[in-house]
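Okay, structure first, notes after.
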Amino acid sequence: MKKLWNKKSGSLFAGILALSLLAGCGNSSDNTAEEKPSEWDRIQEEGSLTVATSGTLFPTSYREEGSDKLTGFEVEVVRELAKRLKLEVEFTELGFDEMLTSVQTGQVDLAANDIEVTEDRKENFAFSTPFKYSYGTAIVRKDDLSGIKTMEDLKGKKAAGASTSVYMETAREYGAEEVVYDNATNEVYLRDVSIGRTDVILNDYYLQTLALAAFPELNITIHPDLKYSPSEVGVVMNKDNGELVENVNRVIEEMIEDGTIAKISGDFFNGADVTQKVDIEEIE
């Protein structure tokens, strides 16, 4: 009787073991079959890149007067990038802070809006190979330079700009009072300085020069003595999208090498080649 019980127990154990092994094999197969495609696979399947930009930042991303067509330096760089990747491009116009949030949450594939590469941002985002180099300047009132002689004089002044931009971070570091706009046009920023509603706009040299030239009637100028923070700009992507980053970098490097980005730069920056690194110590 004891022997018979052992045989049955052994048979029962063997059956359970066989079922367990079969179940294990089945789960392994199912997991492989259900492996989630990458974001790059999704982009290729959809055939389109979704790109956040402002549509209000001349000459990076804007509309010419009387036209509905979005254009600008980075808009055209991205269009050529997408073309070489054999993708369409769909632009979504957002405020600066919303762009970064949308990249982080996967609502867009990348953001292109003169976004500087910084160590803090690199902790949360992936940047492409830089394709624009510049430095910081300050727009002030022409008649009195807004009472500013050095960066230390920013203390207590009203500085206009996007809250999370590197330029507003600089303004805060020097004690300026920030005045934040919700995706306003260049004209609003510049006119407010001119009439004394704000005192200063810290921003990129190339953008400041062209914005200034667009409104010669305003009482504003670029401060002759304030040059700071050499900068690099690239498009921004989610750090988890490794294949996208790899492909974007490959094509941008091709476009730098063959002179395509330098040509686009010349079209939007009065002939200047922003792909060349700058040394502010050598600037008079």
Side-chain angles (χ1 to χ4, degrees), residues 54 56-62 72-74 96 113-118 120 130 132-233 265 268-284:
S54 68
T56 59
L57 184 59
F58 178 84
T60 291
S61 171
Y62 70 102
F73 171 62
E74 286 193 46
F96 184 84
N113 203 69
D114 202 60
I115 302 173
E116 287 190 32
V117 181
T118 67
D120 285 347
K132 176 175 176 280
Y133 297 89
S134 189
Y135 59 94
T137 56
I139 283 182
V140 292
R141 281 183 291 283
K142 187 186 297 183
D143 54 11
D144 64 353
L145 301 183
S146 298
I148 298 169
K149 292 182 180 179
T150 67
M151 296 294 282
E152 285 70 23
D153 294 327
L154 290 172
K155 186 174 182 178
K157 299 294 184 183
K158 293 182 178 179
S163 179
T164 55
S165 74
V166 294
Y167 297 105
M168 188 59 81
E169 289 174 15
T170 298
R172 283 194 293 264
E173 286 173 8
Y174 282 95
E177 176 188 341
E178 72 180 83
V179 179
V180 177
Y181 295 79
D182 183 17
N183 209 26
T185 63
N186 282 341
E187 183 176 2
V188 172
Y189 280 97
L190 299 169
R191 196 170 295 280
D192 279 1
V193 172
S194 179
I195 64 177
R197 186 171 293 158
T198 58
D199 299 303
V200 62
I201 300 169
L202 301 185
N203 211 331
D204 166 80
Y205 166 75
Y206 291 110
L207 299 184
Q208 301 269 60
T209 301
L210 292 175
L212 201 67
F215 301 96
E217 74 281 6
L218 297 181
N219 175 36
I220 52 177
T221 189
I222 291 178
H223 199 291
D225 301 321
L226 302 188
K227 301 175 182 70
Y228 56 93
S229 301
S231 62
E232 302 177 351
V233 165
S265 168
F268 289 96
F269 292 104
N270 288 337
D273 181 3
V274 300
T275 67
Q276 300 299 307
K277 293 184 179 181
V278 296
D279 184 347
I280 61 174
E281 298 298 327
E282 297 178 358
I283 299 169
E284 295 182 359

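- With Thr185 contributing its side chain and Thr56 its backbone, the two residues share no donor-acceptor pair below 3.5 Å.
- Side-chain contact between Glu74 and Asp114: present, with at least one pair of heavy atoms (C-beta onward) separated by less than 4.5 Å.
- Checked against side-chain contact (heavy atoms from CB on, under 4.5 Å), Ala211 has the following partners two or more places apart in sequence or in another chain: Asn186, Leu190.
- A distance of 5.5 Å separates OG of Ser61 from CG of Asn113, quoted to the nearest 0.5 Å.
- Residues satisfying the side chain to side chain donor-acceptor pair (under 3.5 Å) criterion with Ser134, sequence neighbours excluded, are Asp204.
- Residues Pro59 and Leu207 come closest through the heavy atom pair CD-CD2, 3.3 Å.
- Summarising the geometry, atom OG1 belonging to Thr164 is positioned 4.5 Å from atom CZ belonging to Phe96; distances are rounded to the nearest 0.5 Å.
- The two atoms that bring Pro216 and Ala213 nearest to each other are CD-O, 3.4 Å, heavy atoms only.
- Two residues are said to be in side-chain contact when any heavy atoms from C-beta on lie closer than 4.5 Å; Thr198 and Tyr181 meet this criterion.
- For the pair Leu145/Thr221, a side-chain contact is recorded, criterion being any heavy-atom separation below 4.5 Å from C-beta on.
- Atom NE2 of His223 and atom CE of Met151 lie 10.0 Å apart (nearest 0.5 Å).
- Looking at Ile139 and Tyr189, their side chains never come closer than 4.5 Å, going by heavy atoms from C-beta outward.
- Listed for the Ser163 side chain is no donor-acceptor partner under 3.5 Å among the backbone atoms of Val180.
- Summarising the geometry, atom CD1 belonging to Ile195 is positioned 11.0 Å from atom CG belonging to Asn219; distances are rounded to the nearest 0.5 Å.
- Thr137 is linked by a side chain to side chain donor-acceptor pair (under 3.5 Å) to nothing, counting only residues two or more places apart in sequence or in another chain.
- Enclosure of atom CZ in Phe58 by more than 12 non-hydrogen atoms of other residues, nucleotides or ligands within 6.0 angstrom is indicated.
- Pairing each heavy atom of Tyr135 with each of Val278, the nearest pair is CD2-CG2, 4.0 Å.
- For Asn203, there are no side chain to side chain donor-acceptor pair (under 3.5 Å) partners at least two apart in sequence or on another chain.
- Tyr206 pairs by the ring pair (Phe, Tyr, Trp, His ring centres under 6.0 Å) definition with Phe269, not counting sequence neighbours.
- Residues satisfying the ring pair (Phe, Tyr, Trp, His ring centres under 6.0 Å) test with Phe268, not counting sequence neighbours, are none.
- A donor-acceptor pair is defined here as one N or O able to donate and one able to accept, closer than 3.5 Å; such a pair exists between the side chain of Lys227 and the backbone of Pro224.
- The salt bridge (Lys or Arg N to Asp or Glu O under 4.0 Å) pairs that include a residue from residues 163-181 are Arg172-Glu178, where partners are two or more places apart or lie in different chains.
- Using a 4.5 Å heavy-atom threshold, the side chains of Ser231 and Tyr167 count as touching.
- Proximity of a side-chain donor or acceptor of Ser146 to a complementary backbone N or O of Ile148 within less than 3.5 Å is not detected.
- Sorted by first and then second residue, the salt bridge (Lys or Arg N to Asp or Glu O under 4.0 Å) pairs with a member in residues 145-168 form an empty list; sequence neighbours excluded.
- For residues 136-145, the salt bridge (Lys or Arg N to Asp or Glu O under 4.0 Å) pairs, not counting sequence neighbours, are Arg141-Asp144, Arg141-Asp199.
- Shown here are the side chain to side chain donor-acceptor pair (under 3.5 Å) partners of Thr209, two or more places apart in sequence or in another chain: there are none.
- Here the closest non-hydrogen pair linking Met168 and Val179 is CE-O, 4.0 Å.
- Judged as a salt bridge (Lys or Arg N to Asp or Glu O under 4.0 Å), and not counting sequence neighbours, Glu232 has no contacts.
- For Gln276, the side-chain contact (heavy atoms from CB on, under 4.5 Å) test picks out Asp273, with sequence neighbours left out.
- Under the 4.5 Å side-chain criterion, counting only non-hydrogen atoms from C-beta, Ile220 is not in contact with Val140.
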